[in-house]
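Here the structure is laid out as structure tokens; the discussion comes afterwards.
In this chain, residues are counted from 1 in sequence order.
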Amino acid sequence: MDTAPQTPPQNAATPPDPDGKHQLSGNTVFKLAHRISDGVNGVRIQLAKRWKFVPQTIAYQGYGSTSLVRVLGRVLLTQKPMPGSKAEHAAKNGNQNVRGWRAFTSVPLQFTDVEITIGDVVTHVRADRGGLIDTEVAVQLEPGWHTAVLRAEGTEPVEARVRVIAPDVKFGIVSDIDDTVMVTALPRPFLALWNTFVLSERARMATPGMAVLLDRLTVEHPDAPVIYLSTGPWNAAPTLARFLTRNMYPSGALLLTDWGLTQDRWFRSGQDHKHRNLERLAKEFPDMQWLLIGDNGQHDEAIYSGFSQEHPDKVAAIAIRQLSVSESVFAGGHSEDGDHTASQVPWIYSPDGAGIAKQLTALDLL
């Protein structure tokens with residue numbers, strides 16, 4: 001096997017200094033907050049081990065080109081269901097009905113060494129302070145589905161599906177999740193807490209017509225990659241993946257984020273997260289045109305507008321799902337349809353997937 005040089009992830013952990021501490025930027029208060037956060041996480045780890053939590057590597061779907069792939073995963077301490085229990089049976093068959101708070105009971109294992117094997121290439125990376133693995137591996141692969149095997153110390157190896165996109169594919173799909181493919185009313189604080197921590201995943205509502213829309217797009221563009229780009233937390237990734245599968249949305253990579261402290265700021269910026277990943281996709285697939293799908297309840301319009309102005313040749317169209325009156329109240333308001341007459345990129349507005357599909361048909365994208 002070949003050993004690939006380690007490619008640091010976008011959110012790579014800062015390597016420890018000789019004393020074993022992780023160097024941080026910022027003022028004294030910020031550094032103190034990190035020490036407190038690390039101390040709390042240390043206590044959680046000790047309690048989790050006492051409660052028989054076990055280390056687990058979770059693999060997420062990745063994507064890439066024929067020469068470079070993005071591998072995603074997370075290393076956690078999790079509580080396994082009792083052998084022979086109803087919960088274990090449901091987990092094995094994908095029939096869990098999980099309330100949101102359970103996704104946040106796992107404890108991240110920070111700065112854990114992880115071995116990744118894909119094809120004949122082996123690379124070693126280190127999870128970040130949230131236990132996240134987000135790295136690139138240089139490997140020559142044929143277009144189609146491949147498997148990356150992730151191994152962290154003390155965990156069973158797990159397989160991550162990786163979709164390799166052919167160089168001649170020119171069309172891809174990027175979609176938001178909250179209030180775009182799933183009705184969540186996320187911006188309003190109390191509803192956000194309810195939807196995230198309390199609501200059962202089966203009680204979450206799919207946005208009318210959006211599953212059919214995305215399915216039609218992937219049928220007519222079978223080689224098009226699908227990327228679900230959201231400001232939601234990585235803790236919710238298994239829940240979101242099950243929701244998408246149950247509601248017949250096409251398979252796609254989830255690009256989520258972590259809440260809370262980072263190496264250099266108090267809170268992660270959702271807008272920066274989306275902008276940074278769009279820029280990354282533009283570099284990874286320089287000949288690709290993307291259909292950008294979002295809603296008018298948060299910042300999707302501004303983010304997509306900025307990206308399309310910087311890269312008009314990389315955007316096929318922008319489709320904005322309009323919130324209903326009640327949804328906009330829950331979401332804390334919504335924007336009016338913007339004036340995009342000067343835009344080089346077509347803009348579409350509709351309250352549901354059927355309306356978006358009709359307008360995409362007029363643009364010959366459907």
Side-chain angles (χ1 to χ4, degrees), residues 59-65 69-72 94-95 141-148 159-166 168-184 201-202 204-232 234 236-256 274 277-278 280-281 284-285 288-295 300 304 314-321 348 350 352-361 363-366:
Y60 306 125
Q61 182 176 317
Y63 68 89
S65 66
V69 297
R70 186 176 183 180
V71 180
L72 299 157
N95 296 322
L141 297 170
E142 293 295 319
W145 289 101
H146 296 268
T147 300
E159 295 183 348
R161 300 173 71 216
V162 178
R163 185 175 183 181
V164 174
I165 311 303
D168 59 350
V169 175
K170 307 298 183 186
F171 179 78
I173 302 162
V174 172
S175 177
D176 179 42
I177 295 178
D178 300 316
D179 288 324
T180 300
V181 303
M182 178 171 66
V183 179
T184 59
E201 65 185 54
R202 288 188 178 178
R204 297 171 188 263
M205 294 170 48
T207 304
M210 293 302 293
V212 174
L213 168 66
L214 289 175
D215 182 65
R216 286 184 59 189
L217 283 166
T218 54
V219 168
E220 298 199 21
H221 304 273
D223 297 323
V226 178
I227 307 293
Y228 295 102
L229 178 57
S230 172
T231 57
W234 278 109
T239 299
L240 293 175
R242 289 191 294 267
F243 171 86
L244 294 171
T245 300
R246 283 196 178 112
N247 288 279
M248 307 299 289
Y249 282 101
S251 175
L254 289 170
L255 299 182
L256 308 178
K274 286 191 172 183
N277 275 282
L278 287 173
R280 181 170 180 171
L281 289 170
E284 291 170 335
F285 303 100
M288 188 86 71
Q289 279 200 320
W290 297 93
L291 170 62
L292 307 179
I293 304 175
D295 64 83
D300 290 342
Y304 291 167
K314 300 188 187 309
V315 182
I318 297 172
I320 299 297
R321 187 243 166 180
I348 292 170
S350 179
D352 54 38
I356 293 175
K358 183 176 180 180
Q359 295 180 65
L360 287 176
T361 301
L363 294 174
D364 293 327
L365 293 175
L366 262 181

How long is the span from the [atom1] atom in [X] to the [atom2] atom in [Y], to the nearest 0.5 Å?
{"X": "Leu363", "Y": "Ile348", "atom1": "CG", "atom2": "CD1", "result": "5.0 Å"}
{"X": "Ile293", "Y": "Ile227", "atom1": "CD1", "atom2": "CD1", "result": "12.0 Å"}
{"X": "Asp364", "Y": "Glu220", "atom1": "CG", "atom2": "CD", "result": "10.0 Å"}
{"X": "Leu255", "Y": "Leu229", "atom1": "CG", "atom2": "CG", "result": "6.0 Å"}
{"X": "Leu213", "Y": "Thr218", "atom1": "CG", "atom2": "OG1", "result": "9.5 Å"}
{"X": "Gln289", "Y": "Ile173", "atom1": "CD", "atom2": "CD1", "result": "13.0 Å"}

Minimum side-chain heavy-atom gap [X]-[Y] below 4.5 Å:
{"X": "Ile320", "Y": "Tyr304", "result": "yes"}
{"X": "Val174", "Y": "Leu281", "result": "yes"}
{"X": "Arg242", "Y": "Thr245", "result": "no"}
{"X": "Asp178", "Y": "Ser230", "result": "yes"}
{"X": "Leu365", "Y": "Phe171", "result": "yes"}
{"X": "Asp179", "Y": "Val183", "result": "yes"}
{"X": "Asp295", "Y": "Thr207", "result": "no"}

Practice prompt. Quick one: list whatever passes salt bridge (charged side-chain N to carboxylate O under 4.0 Å, His left out) with Asp176, sequence neighbours left out.
Written response: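 Listed in chain order: Lys274.
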
Worksheet item: Does one side chain, of Ser251 or Gln61, offer a donor that lies under 3.5 Å from an acceptor on the other?
Response: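 Yes.
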
Worksheet item: Does the Thr180 side chain pair with the main chain of Ile177, one donor and one acceptor, at a distance under 3.5 Å?
Response: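 Not a single qualifying donor-acceptor pair exists.
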
Practice prompt. Ignoring hydrogens and angles, tell me if any N or O in the side chain of Asn247 forms a donor-acceptor pair with the backbone of Tyr249 under 3.5 Å.
Written response: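 It does not hold such a pair.
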
Discussion item. Please evaluate residues Met210 and Ile356 with respect to the criterion side chain to side chain contact (heavy atoms under 4.5 Å, CB included), reporting the C-alpha separation (whole Å), side-chain torsions for both, the decisive distance (0.1 Å), and the verdict.
Written reply: CA-CA 9 Å; Met210 293 302 293; Ile356 293 175; 4.2 Å; yes

List the atom of [X], the atom of [Y], and the distance in Å for their closest heavy-atom pair.
{"X": "Val162", "Y": "Ala148", "result": "CG2-CB, 4.0 Å"}
{"X": "Met288", "Y": "Pro225", "result": "CE-CG, 3.8 Å"}
{"X": "Leu254", "Y": "Leu244", "result": "CD2-CD1, 4.0 Å"}
{"X": "Val164", "Y": "Ser65", "result": "CG1-O, 3.4 Å"}
{"X": "Ala237", "Y": "Tyr60", "result": "CB-CE2, 3.6 Å"}
{"X": "Gly355", "Y": "Ser350", "result": "CA-OG, 3.1 Å"}

Discussion item. Please check if the number of heavy atoms outside Lys170 that lie under 6.0 Å from its NZ is greater than 12.
Written reply: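 Yes.
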
Worksheet item: CD of Glu159: more than 12 outside heavy atoms within 6.0 angstrom?
Response: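 No, because the 6.0 Å sphere around CD of Glu159 holds 12 heavy atoms or fewer from other groups.
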
Worksheet item: Hey, mind stepping through Tyr63 and Arg70 against side-chain hydrogen bond (donor to acceptor under 3.5 Å, both in side chains) and telling me if it holds?
Response: CA-CA 6 Å; Tyr63 68 89; Arg70 186 176 183 180; 3.0 Å; yes

